[in-house]
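This report concerns only the one structure given below.
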Amino acid sequence: MKSEVYSWRLSADRKAELEEEARRERTSVSALLDRVTADWLAQRRNGHSEEAEEQAAIRRRAAAAIGSIRGGDPTRSARASELVREIIGRKHAKESRASLRTAARRPH
């Protein structure tokens, strides 16, 4: 048994549409609204909302990119700090050698 009351304002056109649909289905406006809201809530719970569909599309696009970067070193992530230090060290050494060459070319 239904015991709760819910009311809201709607346009005259919308009210007429609801009444016409209820007549067409040979049911009351109350029963029509009960069915429509139950269907809508079930759809939302089952993840068929537009937002859920949009999120699923985003996940599909992201999944297509996952694993697309290939590297030759399977231990790279575990050795990341070490590798970064090596890269910085090589860059520093290269800059130091260039600086020494420039200084050696200058007349004293």
Side-chain angles (χ1 to χ4, degrees):
M1 179 173 165
K2 298 175 189 172
S3 61
E4 300 299 317
V5 176
Y6 192 90
S7 66
W8 73 96
R9 299 205 180 273
L10 62 154
S11 69
D13 290 343
R14 181 62 39 91
K15 181 180 178 192
E17 288 175 325
L18 287 169
E19 290 170 343
E20 176 60 32
E21 187 61 25
R23 273 192 298 279
R24 193 180 69 71
E25 291 187 13
R26 295 189 171 135
T27 189
S28 67
V29 172
S30 174
L32 175 68
L33 291 173
D34 191 47
R35 182 182 52 77
V36 168
T37 54
D39 291 349
W40 182 82
L41 289 170
Q43 184 179 21
R44 300 283 291 189
R45 274 192 295 271
N46 292 332
H48 295 340
S49 68
E50 288 179 25
E51 184 177 332
E53 289 172 11
E54 183 179 345
Q55 289 299 316
I58 290 170
R59 283 191 289 280
R60 282 191 301 274
R61 287 192 302 271
I66 293 171
S68 64
I69 300 173
R70 290 181 174 74
D73 184 358
T75 64
R76 182 176 48 207
S77 63
R79 299 180 335 133
S81 295
E82 175 188 342
L83 295 170
V84 168
R85 281 192 293 274
E86 287 176 11
I87 291 167
I88 292 171
R90 284 193 303 265
K91 183 176 180 181
H92 180 68
K94 182 179 176 182
E95 290 171 355
S96 293
R97 285 191 304 273
S99 179
L100 289 174
R101 282 193 302 268
T102 303
R105 290 183 198 154
R106 287 189 203 144
H108 295 281

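Treat the numbers as computed from the prediction; the structure is a model and nothing was measured.
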Any heavy-atom pair between the side chains of E19 and L32 that's under 4.5 Å?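 No, every pair of side-chain atoms sits at 4.5 Å or beyond.
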
On a heavy-atom basis, which atom in D34 and which in K2 lie closest, and how many Å separate them?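 Distance-wise, the nearest heavy atoms are OD2-NZ, 3.5 Å.
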
Taking all non-hydrogen atoms of both residues, which atom of L18 and which atom of V29 are closest, and how far apart? O-CG2, 4.3 Å

Cluster check W40, L33: I/L/V/M/F/W/Y, side chain < 4.5 angstrom: no

How long is the straight-line distance from CG of D13 back to CD of E20, given to the nearest 0.5 Å?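 Going from CD on E20 over to CG on D13, the span is 13.0 Å.
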
N/O donor to acceptor pairs below 3.5 angstrom from side-chain atoms of residues 83-92, sequence neighbours left out:
none

S11 side chain to R14 backbone, donor-acceptor under 3.5 Å: yes

